[in-house]
2 protein chains.
Amino acid sequence: MTVSKTAEKTSEKPADAAKGRKDAAEPQSEALQLGELSEQLGYVLKRAQLKVFENFLRCMASLQLTPAQFSVLLLVEKNPGRNQTEIASTLGILRPNFVAMLDNLESRDLCARIRSTNDRRSHILVLTDKGKAVLARAKKLVATKHEARLNDLLGQANREALIAMLAKIANEF
Amino acid sequence: MTVSKTAEKTSEKPADAAKGRKDAAEPQSEALQLGELSEQLGYVLKRAQLKVFENFLRCMASLQLTPAQFSVLLLVEKNPGRNQTEIASTLGILRPNFVAMLDNLESRDLCARIRSTNDRRSHILVLTDKGKAVLARAKKLVATKHEARLNDLLGQANREALIAMLAKIANEF
DNA sequence: GATAATTGTTATGGACCATATCAAATATCG
DNA sequence: CGATATTTGATATGGTCCATAACAATTATC
């Protein structure tokens, strides 16, 4: 425990209205008070998630991978031979919405749909050689540029504690 | 040998494919391996955020308030006399998208737009009496049914540490 | 063999987010 | 002062993500 307290920054988008000031006659428009908002779990969770996704996209700009696409590649690599329904449902993606996603990945030759011989309804998913190579590069980028940033910000122990708590919320809330 | 039969239900959303099994002839389709996914910050953050919002909506079902609407009411209460641009930008909401949101809250008589006498372009935002009453009830619901659940799950100290870390990420990542 | 269930897919609508643009009001500056 | 630029709330619009219904092909069930 003992995590460094929050800082009153209000640097970027949130909480930033008053701009330049020259002749300060009176305290005209001041910064707004966040109040209880900064203690609301949902509020701070959502803001953190947006920042993390934003940073993820920057780190992956060279590979053009979104967080969702990255998660698909990771899961297919870890579980080769599964069909679309299994992969999608594991990620919480509805089957209809998974089609366009796969169309995209397949058109970029990152993964492939293969008709199953056992059940000719289903499409087995596998990574292509290019897909494996891209995923390997993606992993390095994520580790060195993305996840590493958490260590710089929170420290190794806090980082692990944070992930564990979030996983607990995701699974048991 | 390879994949034979698919799972029978695929009921839940996350990481849940194989359910009940009775006559276990062979280890047919098993649960998928999450692998490195469960350590990915963005993945676990997003999943936690979805769960928290989902629970928030359940807790607020009687008041019909979304997380975004709740945050607006909180901010307007804490900062009375501000205009739309200031409230919206503080919450990271773009001005065009804030209009419909206010139309909704105003139509429910929770807040009101008042033409400013100083600057007749801007609309000063205030909570109505009903808005104040609803917000007070919302706060109680959030505290007793929503935030309290975090304490049950993580404990008071961990809860505060989590909020602090998320705030730090939101502000400094 | 008739019926039900599953898989991938399409179509569609809603919620959320982002940009361009506008009229009214105000600020700025020659 | 008056011309121009800026600000505010608003509209229109498009994109992305999410959710449901429905369909053809295939398989399971009885």
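Convention: sequence-line order gives letters A, B, ...; per-chain numbering from 1.
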Measure the distance from [atom1] on [X] to [atom2] on [N] and round it to the nearest whole Å.
X: Ile93(A); N: dC18(D); atom1: CD1; atom2: P; result: 8 Å
X: Phe53(A); N: dT16(D); atom1: CZ; atom2: P; result: 16 Å
X: Ile87(A); N: dT7(C); atom1: CD1; atom2: P; result: 13 Å
X: Leu94(A); N: dC17(D); atom1: CG; atom2: P; result: 14 Å
X: Asn118(B); N: dA25(C); atom1: CG; atom2: C1'; result: 13 Å
X: Leu50(B); N: dA19(D); atom1: CG; atom2: C1'; result: 14 Å
X: Met101(A); N: dG15(D); atom1: CE; atom2: P; result: 20 Å
X: Gln49(A); N: dC17(C); atom1: CD; atom2: P; result: 10 Å

For [X], give me all partners under side-chain hydrogen bond (donor to acceptor under 3.5 Å, both in side chains), at least two apart in sequence or on another chain.
X: Glu106(B); result: Arg113(B)
X: Gln64(A); result: none
X: Arg121(B); result: Asp119(B)

Open item on the list: Just checking Phe70(A) against Tyr43(B), ring centres under 6.0 Å apart?
Closed with: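 Judged by ring-centre distance (under 6.0 Å), Phe70(A) and Tyr43(B) do not meet the cut-off.
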Open item on the list: Test of understanding: with side chain to side chain contact (heavy atoms under 4.5 Å, CB included), list the residues that count as partners of Ala68(A), not counting sequence neighbours.
Closed with: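 By the side chain to side chain contact (heavy atoms under 4.5 Å, CB included) rule, Ala68(A) matches Thr66(A), Met101(A).
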Open item on the list: Per the salt bridge (charged side-chain N to carboxylate O under 4.0 Å, His left out) rule, what does the pair list look like for residues 129-140 of chain A, sequence neighbours excluded?
Closed with: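 Those involving residues 129-140 of chain A are Glu77(A)-Lys139(A), Lys139(A)-Glu36(B).
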Task: Base versus backbone protein contacts along nucleotides 8-14 of chain D [heavy-atom cut-off under 4.0 Å; B, S, -] - done: SSBBB--
